[in-house]
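Since the structure is predicted, the reported quantities are computational estimates derived from the model, not experimental observations. We're numbering straight along the sequence, starting at 1.
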Amino acid sequence: MAANYNRPKPIDPIGYRMGCYLNIRCGCGRSVSEPLGRFAQARGLSEKTVVYKLIKRLRCQQCGARPTYADVTRYRGSN
C-alpha cells in the first residue's frame, strides 16, 4: 500500500510531518494552530516522536485540561 501524503496519520513521526499544522481545541474555548515543526522544536521534542504520543501528552495552557480536539493536518485550522 502506498503512503498517503495528503492526509497525515497519527502514527507518523514528527520529523515526517514537520510542515503540517498541529490544530488543538480545548473545552475552555482556547484554540491553537501552529506548524508542527515549530511546536516540537520550541518544546525540545525529538523528530522521532510519534504524533499520537505527542497528542496524548497535550494539556491546555489556560485551564490545564486535555484538549477536546487535536489533530495534525496539512492546512491551518482544518479538520
Correct closest heavy-atom pair for Thr68 and Gly27 would be CG2-N, 3.5 Å
- prompt: Are Val51 and Leu36 close enough that some pair of their side-chain heavy atoms sits under 4.5 Å apart?
  reply: yes
Can you find a heavy atom in the side chain of Tyr69 that is under 4.5 Å from one in the side chain of Asn23?
yes
By side chain to side chain contact (heavy atoms under 4.5 Å, CB included), Glu47 pairs with (sequence neighbours left out) Met18
The reported gap from CG in Leu54 to OG in Ser46 (rounded to nearest 0.5 angstrom) is 11.5 Å
Open item on the list: For the CZ atom on Arg66, are there more than 12 heavy atoms of other groups (residues, nucleotides or ligands in this structure) within a distance under 6.0 Å?
Closed with: yes
Given the options Ile14, Val32, Leu22, Phe39 meets side-chain contact (heavy atoms from CB on, under 4.5 Å) only with Leu22
Original post:
More than 12 non-hydrogen atoms from neighbouring residues, nucleotides or ligands closer than 6.0 Å to CD on Gln41, yes or no?
Top reply: no
(message) Measuring only between side-chain heavy atoms, which start at C-beta, is Arg25 closer than 4.5 Å to Arg30?
(response) no
Would you say Cys63 and Cys26 make side-chain contact, with heavy atoms under 4.5 Å?
yes
Distance col, row Asp71:CG vs Ile55:CD1, nearest 0.5 angstrom, shows 6.0 Å
In terms of heavy-atom contacts, Ser33 and Arg76 come closest through O-NH1, 2.5 Å
Heavy atoms of Ala70 and Leu58 approach each other most closely as CB-CD1, 4.0 Å
Closest heavy-atom pair, Tyr75 versus Tyr21, reported as atoms and distance to 0.1 Å, is C-CD1, 3.6 Å
Of all heavy-atom pairs linking Cys28 and Gln62, the shortest is SG-NE2, 3.9 Å
Practice task
Spell out, as yes or no, whether a donor-acceptor pair under 3.5 Å connects the side chain of Arg59 to the backbone of Gly64.
Solution key: yes
